[in-house]
Amino acid sequence: MTSIAIVDYGMGNFHSVARALAHAAPDADIRICNQAAGIDAADRVVFPGQGAMPDCMRTLNESGLRDAVMRAARNKPLLAVCVGEQMLFDTSEEGPTICLGIFPGVVHRFSGPQYATPIGAYEEHPEQARQELLKVPHMGWNQVRQSRSHPIWDGIPDHAHFYFVHSYYAVPADPSVIVGESDYGGSFTCAVATANIFAVQFHPEKSAEHGLRMYRNFVDWRP
């Protein structure tokens, strides 16, 4: 039986991920782990995250699980979700914050004249009062373009819809790691991969049948 550790460092929707995994892979042994030993013992690891990046990195460091996540990233299949994906990069503009540095690159905030500022957007931009400014955070269903083939995309159609909730997005230094892109006021990276890591900005556990298929594919993936 495949064992899957969901990293519980205090900042993530761990129970939602566990329920989705259990539904997608009832044959797997799924455990929410807040101890390094459980993560080290698992066959594969899911690394979720939500909230502000400074809090996520601080909580991960204080939890004592950072080294276990780094070990998993080196030697076993790892699926990172939402802020978990962002944490794999070098730095984030949110804070700013030093992250894990597994993927070279920077996490940027959605910014530009096409986006509404958090407070008083229309008052601050009267010339755009009749235009539809994009709200930040980006929240809702969006299509995902599969930039290149990958076993985690198996059975998921190109341009399938996934559910997003985020104000920041990763910009990889190496474009070859990009496996998925979406559009919100412009194209942005929403999925990256290396030999044993697959990481997504969207929430598979909130993405209905395609999200469940992604979790099933992760269980079956043999990198």
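All values reported here derive from a predicted model rather than from experimental measurement.
Put simply, the side chain of Leu79 does not reach to within 4.5 Å of the side chain of Phe47, judged on heavy atoms. Side-chain atoms of Gln86 and Cys99, non-hydrogen and from C-beta on, never get closer than 4.5 Å to each other. The side-chain heavy atoms of Val46 and Phe218, taken from C-beta on, include a pair separated by under 4.5 Å.
When all heavy atoms of Phe89 and Pro172 are compared, the pair lying nearest together is CE2-CA, 3.8 Å. Smallest separation of non-hydrogen atoms from Ser182 and Asn142: OG-ND2, 3.1 Å. When all heavy atoms are compared, the tightest approach of Val45 to Ala72 is CG2-CB, 3.9 Å. Across Pro175 and Ala173, no two heavy atoms sit closer than the pair CD-O, 3.4 Å. Pairing each heavy atom of Pro204 with each of Met214, the nearest pair is CG-SD, 3.9 Å. When all heavy atoms of Cys190 and Val144 are compared, the pair lying nearest together is SG-CG1, 3.7 Å.
Gln143 is linked by a side-chain hydrogen bond (donor to acceptor under 3.5 Å, both in side chains) to nothing, counting only residues two or more places apart in sequence or in another chain. With sequence neighbours left out, Ser187 forms a side-chain contact (heavy atoms from CB on, under 4.5 Å) with Arg145, Glu181, Asp183. Scanning for side-chain contact (heavy atoms from CB on, under 4.5 Å) contacts around Glu94 gives Ala52, Met53, Pro54, Ser92, Tyr168, with sequence neighbours left out. Ala160 pairs by the side-chain contact (heavy atoms from CB on, under 4.5 Å) definition with Ile156, Pro157, Phe162, His210, not counting sequence neighbours.
Note: Tyr169 and Phe110 meet the aromatic proximity criterion, with ring centroids under 6.0 Å apart. Under the 6.0 Å cut-off for aromatic ring centres, Phe202 and His161 do not qualify, their centroids lying 6.0 Å or more apart. Aromatic ring centres of Tyr184 and Phe164 lie farther apart than the 6.0 Å criterion allows.
For the atom pair CG (Leu88) and CD1 (Ile102), the distance works out to 5.0 Å, reported to the nearest 0.5 Å. With rounding to the nearest 0.5 Å, the separation of CG in Asp8 from CD1 in Ile39 is 9.0 Å. Atom CG of Leu100 and atom CG of Asn61 lie 8.0 Å apart (nearest 0.5 Å). Expressed to the nearest 0.5 Å, how far OH of Tyr215 lies from CD1 of Ile152 amounts to 11.0 Å. Atoms NE2 and OG, from His108 and Ser167 in turn, are 15.0 Å apart once rounded to the nearest 0.5 Å. Going from atom CD1 of Ile178 over to atom OG1 of Thr189 covers 3.5 Å, rounded to the nearest 0.5 Å.
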Any chance you could lay out the side-chain contact (heavy atoms from CB on, under 4.5 Å) test for Met57 and Arg66, step after step, and finish with the verdict? CA-CA 9 Å; Met57 284 304 305; Arg66 177 178 178 137; 3.6 Å; yes
Could you walk me through whether Val81 and His203 pass side-chain contact (heavy atoms from CB on, under 4.5 Å), step by step? CA-CA 6 Å; Val81 175; His203 288 271; 4.2 Å; yes
Show your reasoning for whether side-chain contact (heavy atoms from CB on, under 4.5 Å) applies to Tyr9 and Met87. CA-CA 13 Å; Tyr9 58 96; Met87 293 167 74; 3.6 Å; yes
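With a 4.5 Å cut-off between side-chain heavy atoms of Ile, Leu, Val, Met, Phe, Trp and Tyr, the cluster of Trp141 takes in Met139, Tyr163, Val165.
No continuous path of hydrophobic side-chain contacts links Val219 to Leu212 [ILVMFWY only; heavy atoms under 4.5 Å]. The hydrophobic clustering, which links ILVMFWY residues whose side-chain heavy atoms are closer than 4.5 Å, places Ile98 and Val171 apart. Linking Ile, Leu, Val, Met, Phe, Trp and Tyr whenever their side-chain heavy atoms come within less than 4.5 Å puts Met70 and Leu60 in one cluster. Note: the hydrophobic cluster containing Val177 does not contain Val106 (ILVMFWY, side chain heavy atoms under 4.5 Å, direct or indirect links).
Of the possible donor and acceptor atoms, one in the side chain of Ser63 sits under 3.5 Å from a partner among the backbone N and O of Leu65. Lys76 places a side-chain N or O within 3.5 Å of a backbone atom of Ala42 that can act as its donor or acceptor partner. A donor-acceptor distance shorter than 3.5 angstrom exists from the side chain of Asn217 to the backbone of Asp154, with no hydrogens or angles considered. Using modelled atom types, no side-chain atom of Trp221 and backbone atom of Asn196 make a donor-acceptor pair closer than 3.5 Å. A donor-acceptor pair is defined here as one N or O able to donate and one able to accept, closer than 3.5 Å; such a pair exists between the side chain of Asp90 and the backbone of Gly105. Using a distance-only test at 3.5 Å, with no hydrogens or angles considered, no donor-acceptor pair links the side chain of Lys206 to the main chain of Gly140.
Side-chain atoms of Asp43 and Ser3 include a donor-acceptor pair closer than 3.5 Å. Asn75 and Arg71 form no side-chain donor-acceptor contact under 3.5 Å, judged by distance and modelled atom types alone.
Salt-bridge check for Glu209 with Arg213: failed, with every basic side-chain N at 4.0 Å or more from each acidic carboxylate O. Salt-bridge annotation for Arg222 and Asp220: absent, with no side-chain N of the basic residue lying under 4.0 Å from a carboxylate O of the acidic one. A salt bridge links Asp27 with Arg216: the closest approach of a Lys/Arg side-chain nitrogen to an acidic carboxylate oxygen falls below 4.0 angstrom.
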For residues 10-26, which side-chain N or O atoms pair as donor and acceptor with protein atoms under 3.5 Å away, sequence neighbours left out?
from	atom 1	to	atom 2	distance (Å)
Asn13	ND2	Glu205	OE2	2.6
Ser16	OG	Arg19	NH2	3.3

